[in-house]
Peer 1: 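My structure is below; once you've seen it, I'll send some questions.
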Amino acid sequence: MLVLGIETSCDETSVAVLDGDGRVLSNVVSSQLAVHAPYGGVVPEIAARAHLENLPVTFERALAEANTTVPEIDLVAATAGPGLIGALLVGLSAGKALAFARGVPLVPVNHLEGHLFSAFLRCRAAALPVDLPFHGLVVSGGHAELVRVEPDRIVPIARTRDDAPGEAFDKVARRAGLGYPGGPVVDRIAARGEGGRYPLPVGRTGDGSNDFSFSGLKTAMLREFQKRGITGDPLDPESLAPDLVDLLASFQRAIVTALLDRVETVHRSVGIRMLALSGGVAANSELRRTLSEWGEARRVRVLLPERAFTTDNAAMIAFAGLLHYRKNGAQEPAVAVARSRWPLGTS
Ligand code: KG4
Ligand code: ZN
């Protein structure tokens, strides 16, 4: 069995081919970073047009790398939400057309569910069977979600009330003149800084819930920049003042601490059997190290995604589609709709 995955929810155009055991045969990602970089963030209309331009060649390459052709595809999985509606429509419409023309099933996939199961993916190794139940922490440019994945449902536990952690990395880096996206550059800078130097606020919501909040931290950082006369003019990441290096390391430490704190709270109250990390921010070195050490200390298995499957990719969409198909069968291609909002755990 071969599954074709299509992802176009934000600024990566991606197509992947997996076999029936979830083995990744190809995963081609065409990034739009360069076209959005001058604007300091993703411009929805530009993203939709770029998907239209990039999808055909991304599709051809994914089939070629998997050494297959369209008639061999048995199942199509396409991201249907959440995301930018114009961007989603490009990939979902292509998926529908393909499924309809070939007479194969289509599975509309929740992008967050794609991230959630991405920690199980391995290049050229089977991802099935998925070991349930587990807790999943999805941290990306648009989301921070802690959920419990059970055989028949996904139970939300905590989410962000304001900024997502990746969004905080991106906004802070932009205001420091370090470009977009902010996560990777701050990650590199923080590696040579002293993360314990500046205690920064990582708020709880104050109402006893486990939800995250990162906007207070972002505001505190903007205030620190103001104090230092940093206005957003481009800075060279390799030659920053030592004080700024420590400040950025402390900022990263604050985000990692907030995430770890919530994981620990949930572990104490209900017990975590296995924790699967995912999303773009799952590429962060300090977060990976900290959660691994936490898992060793608590004897909890911590599953880290391969870096290729952290940021948006179609392999994770194909895999989530495959899991759905094995459980529920396929939906009629014509009824799949794109949705800008689609909370995890809802159908
Ligand atoms: O999952 P993703 O590709 O897109 C969304 O669904 O949002 O995540 C992109 C986010 C960006 O905010 C980017 O700054 C962040 O992931 N990111 C990182 C790192 N690499 C990417 N954040 C922290 N450390 C990294 N190494
Ligand atoms: Zn994503």
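We number each residue from 1, following the sequence as shown. None of the values given here were measured: they were computed from a predicted structure. Ligands are counted one by one from 1 in listed order, and the atoms in each one are counted from 1 as well.
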Peer 1: Could you list which atoms of ligand 1 come closer than 4.0 Å to a heavy atom of Gly166?
Peer 2: 12 (O)

Peer 1: Answer with yes or no after comparing the ring centroid distance for Phe120 and Phe134 against a 6.0 Å cut-off, counting only values under it.
Peer 2: yes

Peer 1: What protein heavy atom sits nearest atom 3 (O) of ligand 1, and how far away is it?
Peer 2: Asp312 N, 3.0 Å

Peer 1: Show which atoms of ligand 1 fall inside a sub-4.0 Å distance from at least one heavy-atom site of Ser140.
Peer 2: 1 (O), 5 (C), 6 (O), 7 (O), 8 (O)

Peer 1: Just checking: His143, one of its N/O/S atoms, less than 2.8 Å away from the Zn ion (ligand 2), yes or no?
Peer 2: no

Peer 1: Numbering the atoms of ligand 1 from 1, which are under 4.0 Å from a heavy atom of His115?
Peer 2: 1 (O), 6 (O)

Peer 1: Which of the atoms of ligand 1 are close to Gly142, meaning less than 4.0 Å from one of its heavy atoms?
Peer 2: 7 (O)

Peer 1: Hey, does Trp342 have a side-chain heavy atom less than 4.5 Å from the side chain of Leu88?
Peer 2: no

Peer 1: Can you check whether Tyr198 and Phe251 have ring centres sitting under 6.0 Å from each other?
Peer 2: no

Peer 1: Please report which non-hydrogen protein atom sits nearest to atom 26 (N) of ligand 1, along with the residue it belongs to and the distance in Å to one decimal place.
Peer 2: Asp187 OD2, 2.8 Å

Peer 1: Would you call Arg49 and Glu53 a salt bridge, using N to O less than 4.0 angstrom?
Peer 2: no

Peer 1: With heavy-atom distances below 4.0 Å as the criterion, list the atoms of ligand 1 near His111.
Peer 2: 6 (O)

Peer 1: Which of these passes side-chain contact (heavy atoms from CB on, under 4.5 Å) with Val147: Leu137, Val155, Leu116, Leu112?
Peer 2: Leu116

Peer 1: Got a sec: is His115 within less than 2.8 Å of the Zn ion (ligand 2) via an N/O/S atom?
Peer 2: yes

Peer 1: Which atoms of ligand 1 are found less than 4.0 Å from any heavy atom of Pro181?
Peer 2: 14 (O)

Peer 1: Please walk me through it: do Glu145 and His115 pass side chain to side chain donor-acceptor pair (under 3.5 Å)?
Peer 2: CA-CA 11 Å; Glu145 307 256 355; His115 277 302; over 6 Å; no

Peer 1: Within the structure provided, determine whether Phe214 and Glu167 are in side-chain contact (heavy-atom separation under 4.5 Å).
Peer 2: no

Peer 1: Tell me which N, O or S atom of His111 sits nearest to the Zn ion (ligand 2).
Peer 2: NE2

Peer 1: Of the backbone atoms (N, CA, C, O) and the side-chain heavy atoms from C-beta on, which set of Thr311 has a member under 4.0 Å from an atom of ligand 1: side chain, backbone, both, or neither?
Peer 2: both

Peer 1: Among the N, O or S atoms of Asp312, which one sits nearest to the Zn ion (ligand 2)?
Peer 2: OD1

Peer 1: Give me the residue, atom name and distance of the protein heavy atom closest to atom 22 (N) of ligand 1.
Peer 2: Gly183 CA, 3.3 Å

Peer 1: Below a 4.0 angstrom heavy-atom separation, can you tell me which part of Glu12, side chain or backbone, both or neither, approaches ligand 1?
Peer 2: neither

Peer 1: State, yes or no, whether a side-chain contact exists between Val185 and Arg188 at a heavy-atom distance under 4.5 Å.
Peer 2: yes

Peer 1: Under 4.0 Å, heavy atoms only, figure out whether ligand 1 is touched by the backbone of His143, its side chain, both or neither.
Peer 2: neither

Peer 1: Would a 4.5 Å heavy-atom cut-off, applied to side chains only, mark Ile6 and Ile317 as touching?
Peer 2: no

Peer 1: Measuring from atom 14 (O) of ligand 1, which candidate in Leu287, Asn284, Asp170 has the nearest non-hydrogen atom?
Peer 2: Asp170

Peer 1: By number and element, which atoms of ligand 1 are closer than 4.0 Å to a non-hydrogen atom of Phe169?
Peer 2: 22 (N), 23 (C)

Peer 1: Starting from atom 21 (C) of ligand 1, find the nearest protein heavy-atom neighbour and note its residue, name and distance.
Peer 2: Gly280 O, 3.4 Å

Peer 1: Which ligand 1 atoms does Ala283 reach within 4.0 Å, using its non-hydrogen atoms?
Peer 2: 20 (N), 26 (N)

Peer 1: If you define the side chain from C-beta out and look only at heavy atoms, does anything of Pro82 sit under 4.5 Å from Arg341?
Peer 2: no

Peer 1: Could you find the nearest protein heavy atom to atom 7 (O) of ligand 1 and give me its residue, atom name and distance?
Peer 2: Gly141 N, 2.8 Å

Peer 1: May I ask you to check whether Asp162 and Ser213 show a side-chain donor-acceptor distance below 3.5 Å?
Peer 2: yes

Peer 1: Does any part of the side chain of Leu248, heavy atoms only, come nearer than 4.5 Å to the side chain of Val172, both counted from C-beta?
Peer 2: yes

Peer 1: Strictly under 4.0 Å, does any heavy atom of Pro184 approach an atom of ligand 1?
Peer 2: yes

Peer 1: In terms of side-chain heavy atoms, does Ser30 have a donor or acceptor partner in Arg61 at a distance below 3.5 Å?
Peer 2: no

